[in-house]
Amino acid sequence: MEAEFIAVDGPLLGERFPLGSGDVHVGRAPSAQIRLAEADAAWEHCTVRFEDGRFHIVDHRSGVGTYVNGMRITRHTLEAGDQVSICDTVLVYREDPAVVPADSQQHALLRACSLLFLFRALAMSRGGHRSAIAKQIARLIADIVPCREGAILLGRDADELRAAAGELAVGGPLGELIGRVCREGAVVEPAARVVALALYVRGELAGLLAAWFPAEEAVNLADHRDTLSAIGTVAAAALENVRDVERLQAENASLLDRLGAGETGMVGESPAIRKLLRMVERVAPQDTPVLILGESGTGKELVARALHRQSGRSPKPFVAINCAALTETLLESELFGHEKGSFTGAIAQKKGKLEIAQGGTVFLDEIGELPVTLQAKLLRVLQEREFERVGGTRTLKLDIRLLAATNRDLAAEVRRGAFREDLFHRLNVVALSVPPLRDRREDIPALALYFLDLSAARCRRRVAGISADAERYLMNYSWPGNIRELENAIERAVVLGQSDTLLAEDLPETVLEAAAIPEVPGALQSSITASKRQAIMAAWREAGGVHDHAAGLLNLHPNSLRRLIRTLKLRDVLR
């Protein structure tokens, strides 16, 4: 049987991986045939094997898991159209069209599902990803109709479709086709042996699908038009679904902001956090700029959202921008927007985040990363309360409150000339310092339980609480990554744990090794630890040193036994 994986999302987007009779290894290892780039993927994540005339995928008990069609698996027999997800990578399993009869109802359904998934991925992707996905759609369509080549474009009018076409090299002049399709809805051109049709969502133009055929198919163009119309229906359903999801996400974010009014979202009762909350309560009703200082992962954006929710601007938008995530050119367009034709690719007018936030709050995260040229423009916005779109000449009035955050020492950045002094003083009207987690250790148990409830609900697991042993490790760790690191540690423990209580051995190695807790002679915990050590050593002797056998005798998962051996410092003893 000939089969392959097609990467339809993630770092490997657009790549194809043929499957043969030998094992195909998937993971971060350099020797893997499908090498994953995500840091959370396992070194040897899973394997695809050909057995009994079928391909099977076997997960190697990886931490983040292997998912097929949304379900986590340990072993699965692959069917055509199956979608395998590992971290951000999504692979579609595809069999040789000759293997399954083309008129098979089941095979037609699987093709339709694959097309639906790919059209959704095309609508949600940006930049160079779109070209790669469009090629995969064209290849799949070529299995359904005998076309020579094709083009799939997304756009709401002729100008957007022409911009999407770019320099795309296909069998005919796309520009002329686009104009006709926009006017007529569908075009069948026997001379050029091309069929092109418009894709509509709720009666409005959303894209174009075109296919060029070899000479011998000229007499069948009418039939091919009907088939492509059916494919267009699948595409329209996918595009409509994506637009509905985008609309609901925007509405949900707005509703969450409004429902959260009066709540800070910050957990803790330590003196440091109570002092911060009092400052937020005093500053929020004012319209003054606020500079939020703190290490990475301390929750600076939560403070910004609390300031917005407790202000008179809470019914209006809260717009967050990460200054470190975009290039200087993109950041300027993101902030101020641009006019149609102001630069290559500017196919339509776009409102910037400042304009979108009119009447509300703009939060600039990592303000220390803002390029010097944009610092001058931002200063003008703060002083004059007006701006111009990129490539525009009209001055627009602006009514926003600006909040900024940084983990840098901006005063030191000013001294070395990396940050404008006038902008620093304009932003630093009120400064709020968010304490690191090591300075508010009394909040760790409450934060851990909060994240435990969130992770348990997300993973559909029932976890009643945190063991005393695990809590002691959490309290003794320094948490250099602050609240974000604590949240990740709890989520990992929920995913890997097997009991109804989060145990110490479920925690990450960094927490266990860096927060080693000395035993207190005679204490209850020491007695429990000693009992654990004796039980493990007895099972190890009975199993003859075979790790998996010893885990079975103890009724433990092998990974849980490994963590216990490491936590109880039994490696040298057992060796």
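Note: hydrogens, waters and symmetry copies are ignored here, and every other heavy atom, side chains too, is used.
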Inset, instruction - Please determine if Glu189 and Arg193 form a salt bridge, counting it only when a charged side-chain N lies under 4.0 Å from a carboxylate O. - result: no
Inset, instruction - Inspect the contact between Glu491 and Arg458 and indicate whether a charged nitrogen and a carboxylate oxygen are less than 4.0 angstrom apart. - result: yes
Counterpart residues, salt bridge (charged side-chain N to carboxylate O under 4.0 Å, His left out), relative to [X] (two or more places apart):
{"X": "Arg75", "result": "Glu51"}
{"X": "Glu334", "result": "Lys350, Lys353"}
{"X": "Glu38", "result": "none"}
{"X": "Glu44", "result": "none"}

Inset, instruction - With side chain to side chain contact (heavy atoms under 4.5 Å, CB included) as the test, would you mind laying out the steps for Val64 and Val495 before giving the verdict? - result: CA-CA 8 Å; Val64 296; Val495 170; over 6 Å; no
Supply the atom-to-atom distance [X] [atom1] to [Y] [atom2], rounded to the nearest 0.5 angstrom.
{"X": "Leu153", "Y": "Leu199", "atom1": "CG", "atom2": "CG", "value": "9.0 Å"}
{"X": "Gln33", "Y": "Leu19", "atom1": "CD", "atom2": "CG", "value": "10.0 Å"}
{"X": "Leu154", "Y": "Leu161", "atom1": "CG", "atom2": "CG", "value": "8.5 Å"}
{"X": "Thr66", "Y": "Leu91", "atom1": "OG1", "atom2": "CG", "value": "10.0 Å"}
{"X": "Arg180", "Y": "Cys182", "atom1": "CZ", "atom2": "SG", "value": "12.0 Å"}
{"X": "Thr74", "Y": "His76", "atom1": "OG1", "atom2": "NE2", "value": "11.0 Å"}

Inset, instruction - Name all pairs fulfilling the salt bridge (charged side-chain N to carboxylate O under 4.0 Å, His left out) condition that reach into residues 64-73, sequence neighbours left out, sorted by first residue then second. - result: none
Tell me if a side-chain donor or acceptor on [X] pairs with a main-chain N or O of [Y] at a distance below 3.5 Å.
{"X": "Asn220", "Y": "Asp223", "result": "no"}
{"X": "His45", "Y": "Ala42", "result": "yes"}
{"X": "Arg28", "Y": "Asp40", "result": "no"}
{"X": "Arg16", "Y": "Glu4", "result": "no"}

Identify the two heavy atoms, one from [X] and one from [Y], that lie closest to each other, and give their separation to 0.1 Å.
{"X": "Pro146", "Y": "Glu217", "result": "CG-CD, 3.5 Å"}
{"X": "Leu507", "Y": "Ala493", "result": "CD2-CB, 4.4 Å"}
{"X": "Glu339", "Y": "Gly392", "result": "CG-CA, 3.6 Å"}
{"X": "Ala211", "Y": "Leu228", "result": "CB-CD1, 3.9 Å"}
{"X": "Gly185", "Y": "Tyr200", "result": "CA-OH, 3.5 Å"}
{"X": "Glu216", "Y": "Val219", "result": "O-CG2, 4.3 Å"}

Any side-chain heavy atom of [X] within less than 4.5 Å of one from [Y]?
{"X": "Arg492", "Y": "Ser455", "result": "no"}
{"X": "Leu36", "Y": "Val26", "result": "yes"}
{"X": "Ser229", "Y": "Leu197", "result": "yes"}
{"X": "Phe213", "Y": "Val194", "result": "no"}
{"X": "Trp212", "Y": "Val195", "result": "no"}
{"X": "Ile86", "Y": "Cys46", "result": "yes"}
{"X": "Val463", "Y": "Asp500", "result": "no"}
{"X": "Leu205", "Y": "Arg156", "result": "no"}

Legend entry - Step-by-step side chain to side chain contact (heavy atoms under 4.5 Å, CB included) determination, Leu12 to Phe17: CA-CA 10 Å; Leu12 301 177; Phe17 304 94; 3.9 Å; yes
Legend entry - Whether Phe50 and Phe55 hold their rings parallel, tilted or perpendicular, with breakpoints at 30° and 60°: tilted
Inset, instruction - Test Arg54 against Glu79 for salt bridge (charged side-chain N to carboxylate O under 4.0 Å, His left out), laying out the working first. - result: CA-CA 9 Å; Arg54 304 294 299 276; Glu79 301 284 348; 2.8 Å; yes
Side chain to side chain donor-acceptor pair (under 3.5 Å) with [X]: which residues, sequence neighbours excluded?
{"X": "Asn69", "result": "Asp82"}
{"X": "Asp453", "result": "none"}
{"X": "Asp88", "result": "none"}
{"X": "Ser31", "result": "none"}

Inset, instruction - Show your working on side chain to side chain contact (heavy atoms under 4.5 Å, CB included) between Val511 and Trp479 and close with a plain yes or no. - result: CA-CA 8 Å; Val511 176; Trp479 299 108; 3.9 Å; yes
Donor-acceptor pairs under 3.5 Å, side chain of residues 482-489 to any protein atom, not counting sequence neighbours: which ones?
from: Asn482; atom 1: OD1; to: Leu437; atom 2: N; distance (Å): 3.0
from: Asn482; atom 1: ND2; to: Glu295; atom 2: OE1; distance (Å): 3.2
from: Asn482; atom 1: ND2; to: Ser296; atom 2: O; distance (Å): 3.0
from: Glu485; atom 1: OE1; to: Gly481; atom 2: N; distance (Å): 2.7
from: Glu485; atom 1: OE2; to: Tyr477; atom 2: OH; distance (Å): 2.8
from: Asn488; atom 1: ND2; to: Arg484; atom 2: O; distance (Å): 3.4

Inset, instruction - Give me the one residue out of Ile231, Leu209, Leu208 that meets side chain to side chain contact (heavy atoms under 4.5 Å, CB included) with Ile152. - result: Leu209
Legend entry - With Asp23 via side-chain contact (heavy atoms from CB on, under 4.5 Å) - residues at least two apart: His25, Thr47, Arg49
Legend entry - Residues that Ala405 engages under side-chain contact (heavy atoms from CB on, under 4.5 Å), provided they are two or more places apart: Ile292, Lys300, Phe363, Asp365
Inset, instruction - Could you go through the side chain to side chain contact (heavy atoms under 4.5 Å, CB included) check for Phe336 and Arg389 one step at a time? - result: CA-CA 5 Å; Phe336 304 109; Arg389 297 193 190 105; 5.6 Å; no
Inset, instruction - Apply side-chain hydrogen bond (donor to acceptor under 3.5 Å, both in side chains) to Asp59 and Ser62, showing your working. - result: CA-CA 7 Å; Asp59 180 72; Ser62 56; 2.7 Å; yes
